[in-house]
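Working notes for the structure below.
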Amino acid sequence: DGRYIKSYKLLKMENRISQLRNHVIICGFGRNGKQVSQILNDNSIPFVLLEKDESKTTGQPGLKYFMNSDATQDETLIDAGIKHARAIVSTLPQDTDNLFVVLTAKQLNPGIKIISRASNDSSVNKLKIAGASNVIMPDKIGGAHMASLVMIPDVVEVLSLLSTRNNSEFKVVEICAGKEINIGSLDIWRKSGCTILAIKKNNGDYTLNPAADTSVATGDSLILMGSEKQVQEARKLVG
């Protein structure tokens, strides 16, 4: 009957999700969750969507892995493969729910990257203390983005391409340095074809458009732009 078919489909989905590794978990399928899922889908990055309202996921294209479950529950995150995921994005409408997700995710997988939405300024610091790697306030970003389109429209369009396009011909990646490096001596553009956009220090500070005499310590990260082949060559030089 219908209940048997539904149970069979759920079991099949759970089995497929249990085999995922290095995937992303998205909590919530509102406006922000849909944007995240679309970009990840366009860039062939596997993700599991958690949305307890079944009506929001019914018939939605691009949802290969999803669960109609409460993302604030430990069991839900475990079933979504939190221990094997690379990142989790919590886009739930209530800050308290996002806080629960952040706390649980950090406990179940201390090394996971956690990105959370926040609606109130007072929640930002709480989410970061709880373990969020990044906290985004969509309403503020929306206004800032619109203002930027007035002042530097072409630059904003290029930055949008950098942040959303990722294929074999063009991608932006972060590579951790396995040794001490001098940018000038590395000569990464001539040797690999990649362009260095920035350096991320161990303490979280960024150096944009680094000069040739900039030193990179072991554990710092280079933000590079290039094709898949160029990135592979750059990894050999940086590692």
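Ile196 CD1 to Leu208 CG: the interatomic distance, rounded to the nearest 0.5 Å, is 12.5 Å. Remark: Lys191 NZ to Gln230 CD distance equals 15.5 Å, nearest 0.5 Å. Atom CD1 of Ile183 and atom OG of Ser215 lie 8.5 Å apart (nearest 0.5 Å). With rounding to the nearest 0.5 Å, the separation of CD1 in Ile115 from CD1 in Ile26 is 10.0 Å. Between Ile78 atom CD1 and Asp74 atom CG the span is 6.0 Å, to the nearest 0.5 Å. Interatomic distance, SG of Cys27 versus CD of Glu51, reported as 10.0 Å (0.5 Å rounding).
Electrostatic pairing of Asp95 and Lys126 does not count as a salt bridge here, judged by no charged N lying under 4.0 Å from a carboxylate O. With salt bridges taken as basic N to acidic carboxylate O contacts below 4.0 Å, one links Glu228 and Lys171.
Two residues are said to be in side-chain contact when any heavy atoms from C-beta on lie closer than 4.5 Å; Ile188 and Val238 meet this criterion. No side-chain heavy atom of Val24 sits less than 4.5 Å from a side-chain heavy atom of Val48. The shortest side-chain heavy-atom distance between Leu224 and Leu197 does not fall under the 4.5 Å cut-off. The side-chain heavy atoms of Ile45 and Arg86, taken from C-beta on, include a pair separated by under 4.5 Å. Looking at Ile112 and Ile82, their side chains come closer than 4.5 Å, going by heavy atoms from C-beta outward. Side chains of Glu233 and Val231 form no contact here, defined as non-hydrogen atoms less than 4.5 Å apart. Side chains of Asp53 and Asn68 form no contact here, defined as non-hydrogen atoms less than 4.5 Å apart. At a threshold of 4.5 Å between non-hydrogen side-chain atoms, the residues Thr195 and Trp189 count as touching.
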Let me see the working for Asp79 and Met67 under side-chain contact (heavy atoms from CB on, under 4.5 Å), right down to the final yes or no. CA-CA 9 Å; Asp79 290 342; Met67 296 168 53; 3.6 Å; yes
Would you check, one step at a time, whether the test side-chain contact (heavy atoms from CB on, under 4.5 Å) holds for Ile25 with Val89? CA-CA 6 Å; Ile25 298 173; Val89 183; over 6 Å; no
Where do Thr58 and Lys56 land on the side-chain contact (heavy atoms from CB on, under 4.5 Å) test, with the steps shown first? CA-CA 6 Å; Thr58 302; Lys56 291 185 178 182; over 6 Å; no
Audit row: Phe170, Ser227, side-chain contact (heavy atoms from CB on, under 4.5 Å) steps and yes/no: CA-CA 5 Å; Phe170 175 85; Ser227 67; over 6 Å; no
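The number of heavy-atom neighbours closer than 6.0 Å to CD of Gln35, taken from other residues, nucleotides and ligands shown, is above 12. Remark: Phe100 CZ is loosely packed, at most 12 non-hydrogen atoms of other residues, nucleotides or ligands lying under 6.0 Å away. Under a cut-off of 6.0 angstrom, the local environment of NZ in Lys52 is sparse, with at most 12 non-hydrogen atoms contributed by other residues, nucleotides or ligands.
Judged by distance alone, with hydrogens and angles left aside, the side-chain atoms of Thr72 form no donor-acceptor pair with the main-chain N or O of Val101 at under 3.5 Å. Side-chain atoms of Asn182 come within 3.5 Å of backbone N or O of Ser185 as a donor-acceptor pair. Thr76 places a side-chain N or O within donor-acceptor distance of the main-chain N or O of Asp70, the cut-off being under 3.5 Å. Put simply, the side chain of Lys128 never gets that close to the backbone of Ala132: no donor and acceptor are under 3.5 Å apart. The backbone N or O of Gln94 lies less than 3.5 Å from no partner atom in the side chain of Asp97, so there is not a single donor-acceptor pair.
Looking at every heavy atom in both residues, Asn109 comes nearest to Ala85 through ND2-O, 3.4 Å.
Under the 3.5 Å distance criterion, with hydrogens and angles disregarded, a donor-acceptor pair is assigned to the side chains of Ser221 and Glu174. In the model, Ser90 has a side-chain atom that pairs as donor or acceptor with a side-chain atom of Asn98 under 3.5 Å. For the residue pair Lys113 / Asn134, a side-chain donor-acceptor distance below 3.5 Å is found, with atom types taken as modelled.
Cation-pi check for Lys201 over Tyr206 is not met; the charged atom does not lie both under 6.0 angstrom from the ring centroid and within 45 degrees of its normal.
If you chain together hydrophobic residues whose side chains sit under 4.5 Å apart, Leu63 and Leu20 fall into the same group. Linking ILVMFWY residues whenever their side-chain heavy atoms come closer than 4.5 Å, directly or via other members, leaves Ile199 and Val172 in distinct clusters.
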